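Structure first, commentary second.
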Amino acid sequence: MKKKTVDDFVKKSNGNRLVQKVLIANNGMAAVKAIRSIRKWSYETFGSEDEIQFYAMCTPEDLKMNAEYIRMADHFIEIPGGASHNNYSNVDLIVELAELNKVHAVYVGWGFASENPILADRLTELGICFIGPPASAMRSLGDKIASTIVAQSANVPCVNWSGQGITIKDGCNVPDELYKEATITTLNEGLKHAERIGFPVMIKASEGGGGKGIRLVYEKKDFSSSFLQVQREVPGSPIFVMQVVQDARHLEVQLLADAYGNAIALFGRDCSVQRRHQKIIEEAPVTIAPPEILRQMEQSAVNLAKLVGYKSAGTVEYLYEPSTQKYYFLELNPRLQVEHPTTEMVSGVNIPAAQLQVAMGIPLSNIKDIRLLYGLTPTGTDEIDFDFQNPKSFEIQRVPQAKGHVIATRITAENPEAGFKPNSGRFLELNFKSNSNVWGYFSVNAAGGVHEYADSQFGHLFAYGETREEARRNLVVALKEISIRGDFRTTVEYLVKLLENEVFKNNEFTTSWLDKLIASNQMVQMEQTINNLPAVCGAIGKSFLTFREYNEYFLKALAKGQVPSQESLSTKFNSDFIINNIQYRFQVFCTGPESLTIVHGNQKLNVIAKPLSDGGILVVINGKSNVVYLKDEPNGTTLVVDGSTFLMEKENDPTQLRSPSPGKLIRYLVKDGEHIFAGDSYAEIEVMKMYMPLVSKESGIFNSCKPISSVLSTGDIIATLVLDDPSAVKKAIPFQGNLPFSNESELDEKIHYKLKKLSVEVDNLMNGFEPKSDPSVLVEKLIKVLENPELPLFEIMEVLGSINSRIPSALAAFLYDTCKELLNNPTMLMANIPEIQGYIKKSVEALPLDEQDSVYGLLQPIMDILNKNKIGLQTRSRDFLLDILKKYYDIESLYESTAAARVILKLRDENKDNLEKVLNIVRAHSKPKPRSELVLAILDHIERECPAVHKKLFANILDQLAQLGNKSTNKVSFRAREILIGYQLPGIAERKSTILNIFSKVSKKSGDRVFFDFSQLSRLIVSRHPILDILPDFFFDSDISLRAIALYTYVMRTNQAYTINYFDHHFIEDTVIFSWNFSNPEQNIRKETDDILESPITNKNNLKKGVLFACKSIDEVVKQVKSVLPYLGIAENPDQNFSGYVTIVLNNPELNKSDEAVARLLAGFIQEHLEFLKENLIKRVTFMIYEPNQQTRYFTFKASRDYQEDLVIRHIEPFMSHRLELERLSNFHVKPCPISTRGLRIYHAVGKSNPTDTRFFIRGIIHPANVVSIQDFIISEANRITIDMLNTLDLLSSTYPNTDCNHILLQFIPIFDLPIDLVQVFLEQLLERHRSQLCKLRVSEAEICFLAYHPTSRQVVPFRLIIDIPSEYVMNISWYTQIKEKDQMVLQTLSPNGSTIQNGPHHGQLVLRHHAPKHAIQPKRYKAHLLGTTYVYDFPALFEQALKNIWKDNVPKKLMRCVELVLNSENELEESSRLAGE
């Protein structure tokens, strides 16, 4: 069969011109749509899409951006770049290229030279066809002024305009004089017409279009600038002014005409949704106007086309008032419109293909799509009665009817949040899939982009539906599914919101609707997505990308043999940014390679982040996935979350006026030095063929920075502003809400899944990531899971699920049934393991020999699980913990006595094929605190829970940990040493048993009465072993006698420093009340008021009485508290200076809350009983909260503070608080610092007389401990608490900077039974070891207090070691005993061998002397310290110390005498007696 040719087709269709080679004189959507539509027609007509050859013009910018139409064309012709007048609007260039390439026709489509009659004339002269209307029709109707005059003359309704009333009598040619009469040539002329018509008015360029060359002016003052903008956007174009029709719809009629006088209307379109007169959403057919009105519009358009001899496609535009049903001619566009595909779908006519056929001289009646529209055979050539003039035509042909409904949206490179300013750049992703109801086309592809000289529209989407609502929904779904990412913003998500707007849904919009929305900021400001999802995803995304960049840097540097910077190991990031004028400040912690925790205030949210291959991030929050993309911009970061775009802005400087997008600076609207107000335009820039005014957000004095015609990039500073009032600048609102997501909940997961999660969390923490949860809590959860008897059963079933089809079915059934049965009683697994293993062995041995090995291999994981649990779950738990401790030691031991850089390079050499391992090791070592906390929690568990049989198994690793000597491992090494020492002593259970054995000998029964022999408890009360952690357990024993004995022991133990004059037990129902009278100890006489900061005085006449009882709830306390009154004895001693002290022990799971929650609960109880407490002279109420295996908590409420809690002594046994010597701080305002270290208190103090005198007072109390010897106790405990003190002080110094003259007081509770000179050696070595750190932390004085047996009298004597540290190189140590002089305790110097020597600097001072304010020398010493040097007055002490070091044992008693010489009034040197520093 002979192939049909284009020439044959033209002849058969009664055409007269062969068109087979077409030059496309356009570069965007027009080019893509024309090539695609004509190729489709070519394939349908000829069976080949290549019958029509396309030659595409392309600029360097189009080539660089990989424009889609270039790929589609058969040939491309490179042309000059830059502005359109250099290329696509250059008539001479187009004609020259058409002639040079011997094309048959030129296609422009729309924009550029599409409405230039000169191009049509020039091509016609050369015999080249212009696919479009003839030049005469263009001049008549393509020109907006001429077309309005012609329409006006043809009695088509027109609005009031500058050419009002001007008509022509015959034809369609408008004489020049009439044309000029309707045209505005000067600004004044335009103003006159505007005032005549009445504001608001529209200024339009006759040759404009697509939103260019048109401005809406509401007031006279804006007319001048708008007029100039129109002139510049379409240079040389005539301008006219027209009336604005308020609340109108923009309707248009699609025309198609041939060269034989035939013209038809292909229905209408509604293009009323416009922004700055640029169409955004188009619909077909029109639904707002009645059918009869639409027919009138269509007929008027056809008559106008016939009048001017129109040919090809064109559009007549009207303004329609729904309220009056009146319409007004707007203009006739002698070209194809961008939105023509909407008409194609409802009419079935391929309009570009129809244009081509008209250009071939084919009549409309012979075009296939037209014939089908009128219900005729597609291949016929008979004429069509388009106007139905012949009545029989209604029987032969069909009246055209629109099919369904189509809605279209334009996809543009514009930023809705920046006033829809056009922007340019490259694509990273462009993903859209058409279907039967939704289709679209784009001028670029995923590898391309949009350049600054291109039109901002790069895509067009169309949705079809049987009804308007169906089409709308289809389009919304399509827009939500489209994925566009690149260097610029688009309007996709903005269009979704428009389509979902109720006004659009109800078809109630007008041409001004969208502009009003934008002006009111209702649509441009994207509302915050629920739960602040963009902010959370943005913070997570930026932090995750930064973390990955750091890792890549580390690995690359390591591969090159370099030592990476410490910063590259960061796992904690601050994320500060602004979205929608809300300032977000988050902290993000990397808790694993792909897990993060975001923190806002005291709220935490755990998140998973996974990198995607296209550069995006999958952020999983509470199981929901969100796809996130980020791109850094000069003004911030573009954030895309699930297709919605946001700008994460930085803090903007309002004094710098920047370019919002790439473009060209056209002109300044104000002069340098002029004042502008907020909202004033100060410059104009050209962006993608549009003139955009730049508006100032603040008021001030303007100064330009860039010359006119400068090429601008996004973020370039164009001008500066000196603000009128900097304080009035509007700032972003800080985000003060809550993270709306609930944190990860404890899902009801199977136990083996929980173990996997916890194992990953432990591995991440040990690899140096931030802790996801509290390490101690993590260890508790881990132990609980590991010791769950169901764990191995679920693990076996999990393995079985993957191998059951590959092992004998009977064996699989046996294993499965056994596991299911054992789940009812999982503790029986261990007893059944031999049977299970025997069955497995028997089943495998029954198989052929060649199968046994493979089946054994499959079953090996199950065998491993069984072997692991053979001995018991605690063994498995032990092995797991042992692995963690070994990993910790293996890493930290690498750094023992080896520089970090050498360790890193050595690891690199050993792991060249696995540098990730090196990164994990180095990161782990750089994050010592969380890893140490995890190890310490494990060590606590080992000490507390592991049975004696496991002690030997842990001994080796504990010994290794104890040998670690780095500062970062101090806590771990000393804790390990403690446990090793404790392994040689009884545990908690054994100590409790011992105490119980002693208690059982105390009580004796005589008939119904119980007697107590408390003498049996003397040794227990004064023993150096810890008992206070055991005693509270007996307070709630079922044996009331044991309760009474425990209360007695507790009181006597805690009141050793006081004189107890009387004590007694009282039994009320099931409650034991212990009461006692006491007085101050002689060695420390002070007023026992409730303000512990007051000075000690002598007062022996006070009657002090204490009461102690235990309850299981607050309700029980309420019942018992009033019963206590008789035992306080106030009624017996009404005239004495009485003070009552009540201690209540509580043991209730409901109190297992935070300190603040418990304190609020207890304060409520106190307030309810306030009058009772006052009436009964209760000076102090202490609540002792006891929880097994937890540190006991104390909350004390004092009368002197109006029964408010004394936070200074929270968690301190109040009868032992005197050991803190807080009364010495009376010269300061004291505030306790919250810390978690047991036995340690730190107070931040500010001088009362000098607020610049700020310092820390650190108090440590060392209680009895499980030790083998007193030497071990001193070395271990003193070292531990000193390290805790220094580490905590170091941490707090960043919170409270500029502290100086810090003071440490360390109190030992146990009595030292050692030679005093040996104690001196131990303690001086301790201080020497930490001297450098003490000086660094500005500790100027430290005191260590202890009780020891006198070497000769064997009496218990209080000793005090005082250290003065003037500089890092000088530490003065002096020893004292405490003696009584005139009812006061003072210090007496002690020699190393116990005899008195030359008095120390504190000899004769009060033991409880007040801490003095800073001496004049101290601020100067501190300043020298900050400068890294030594204050001049400290040099003599340095010289003296150096001499002592040199001479050692030969140091004379009087080593140095220093004299300061100063110049007197006569300029002569003389000795001065002034104090140092004055």
Side-chain angles (χ1 to χ4, degrees), residues 587 599 601-602 774 776 929-930 932-933 936 970-971 1091-1093 1154-1160 1163 1185 1191-1198 1201 1204-1214 1216-1248 1250-1263 1280-1307 1330 1333-1344 1365 1410-1411 1413-1414 1418 1422:
Q587 276 191 311
V599 177
N602 58 358
D774 183 88
S776 60
K929 185 178 178 182
S932 294
E933 288 176 352
L936 288 169
N970 273 340
K971 285 188 176 182
D1091 193 341
I1092 203 163
L1093 300 184
S1154 67
D1155 285 352
E1156 299 310 318
V1158 173
R1160 285 194 297 271
I1185 311 300
Q1191 196 76 15
T1192 303
R1193 296 184 288 173
Y1194 296 88
F1195 301 85
T1196 300
F1197 298 81
K1198 294 184 174 181
R1201 297 175 180 270
Q1204 298 297 312
E1205 186 192 358
D1206 187 355
L1207 295 173
V1208 174
I1209 60 169
R1210 176 182 281 186
H1211 301 332
I1212 299 234
E1213 219 297 335
M1216 301 181 72
S1217 61
H1218 67 278
R1219 294 183 180 273
L1220 298 176
E1221 298 185 1
L1222 296 178
E1223 51 267 63
R1224 296 174 61 187
L1225 313 184
S1226 57
N1227 289 328
F1228 297 86
H1229 297 292
V1230 177
K1231 173 186 174 185
C1233 299
I1235 57 174
S1236 58
T1237 308
R1238 57 184 179 181
L1240 189 61
R1241 309 288 289 181
I1242 296 187
Y1243 302 95
H1244 182 252
V1246 178
K1248 292 179 178 178
N1250 179 12
T1252 62
D1253 182 1
T1254 60
R1255 58 181 81 180
F1256 287 113
F1257 290 102
I1258 306 98
R1259 300 291 187 259
I1261 298 178
I1262 302 179
H1263 295 274
R1280 179 190 66 78
I1281 201 161
T1282 301
I1283 290 168
D1284 284 345
M1285 281 182 170
L1286 296 177
N1287 288 341
T1288 308
L1289 184 57
D1290 193 10
L1291 183 66
L1292 288 173
S1293 295
S1294 59
T1295 307
Y1296 300 96
N1298 303 322
T1299 55
D1300 192 20
C1301 299
N1302 299 323
H1303 181 272
I1304 288 177
L1305 174 66
L1306 195 56
Q1307 288 264 17
H1330 298 289
Q1333 186 71 355
L1334 287 167
C1335 182
K1336 177 187 172 184
L1337 296 173
R1338 306 304 298 153
V1339 176
S1340 61
E1341 188 176 74
E1343 301 180 45
I1344 300 178
I1365 311 172
H1410 293 183
H1411 289 285
K1414 276 184 184 177
Q1418 289 300 339
Y1422 182 60

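In this text the structure is predicted, and so the values were computed from the model without any measurement.
Minimum interatomic distance between Ala1159 and Glu1205 (heavy atoms only, all atoms of both residues): CB-OE1, 3.7 Å. A pairwise comparison of heavy atoms in Ser1217 and Pro1214 identifies OG-O, 2.6 Å as the closest pair. Considering all non-hydrogen atoms of both residues, Leu1292 and Cys1233 come closest at CD1-CB, 3.8 Å. Contact detail for Ser1340 and Cys1301: the closest heavy-atom pair is OG-CA, 3.2 Å. The two atoms that bring Val1246 and Pro1251 nearest to each other are CG1-O, 3.4 Å, heavy atoms only.
Between the Lys1248 side chain and the Ser1226 main chain, a donor and an acceptor come within less than 3.5 Å of each other.
In this structure, the separation between CD1 on Ile1261 and CZ on Arg1219 is 7.5 Å, given to the nearest 0.5 Å. To the nearest 0.5 Å, the span separating CD on Gln1307 from CZ on Arg1259 amounts to 9.0 Å. Distance check: Leu1337 CG to Asp1300 CG gives 11.5 Å after rounding to the nearest 0.5 Å. Between atom CG of residue Asn1302 and atom CZ of residue Arg1255 there is a gap of 8.0 Å, rounded to the nearest 0.5 Å. Atom CD1 in Ile1304 sits 7.5 Å away from atom CD1 in Ile1365 (nearest 0.5 Å). Interatomic distance, Leu1306 CG to Ile1281 CD1, rounded to the nearest 0.5 Å: 5.5 Å.
Applying the side chain to side chain contact (heavy atoms under 4.5 Å, CB included) criterion to Lys1231, with sequence neighbours excluded, gives Tyr1296. For the side chain to side chain contact (heavy atoms under 4.5 Å, CB included) test, residues two or more places apart in sequence or in another chain that qualify with Thr1252 are Asn1250. For the ring-ring contact (aromatic ring centres under 6.0 Å, His included) test, residues two or more places apart in sequence or in another chain that qualify with Phe1257 are Phe1228, His1411. Not counting sequence neighbours, the partners of His1211 by the ring-ring contact (aromatic ring centres under 6.0 Å, His included) test are Phe1195. In this structure Ala1157 satisfies the side chain to side chain contact (heavy atoms under 4.5 Å, CB included) test together with Lys1153, Ser1154, Arg1160, sequence neighbours excluded. By the side chain to side chain contact (heavy atoms under 4.5 Å, CB included) test, Asp774 pairs with Ser776, Val777, sequence neighbours left out.
Ring centroid separation for the pair His1244 and Phe1256 comes in under the 6.0 Å cut-off.
Side-chain contact between Lys929 and Lys971 is absent, with no heavy atoms from C-beta onward closer than 4.5 Å. Proximity of Val1230 to Leu1222: side-chain heavy atoms (C-beta onward) are nowhere separated by under 4.5 Å. Considering only heavy atoms from C-beta on, Val1339 comes within 4.5 Å of Leu1289 through its side chain. Here the side chains of Arg1338 and Thr1299 are not in contact, with every heavy-atom distance at 4.5 Å or above.
Counted by atom type alone, Glu1343 and His1303 present one or more donor-acceptor pairs between their side chains at under 3.5 Å.
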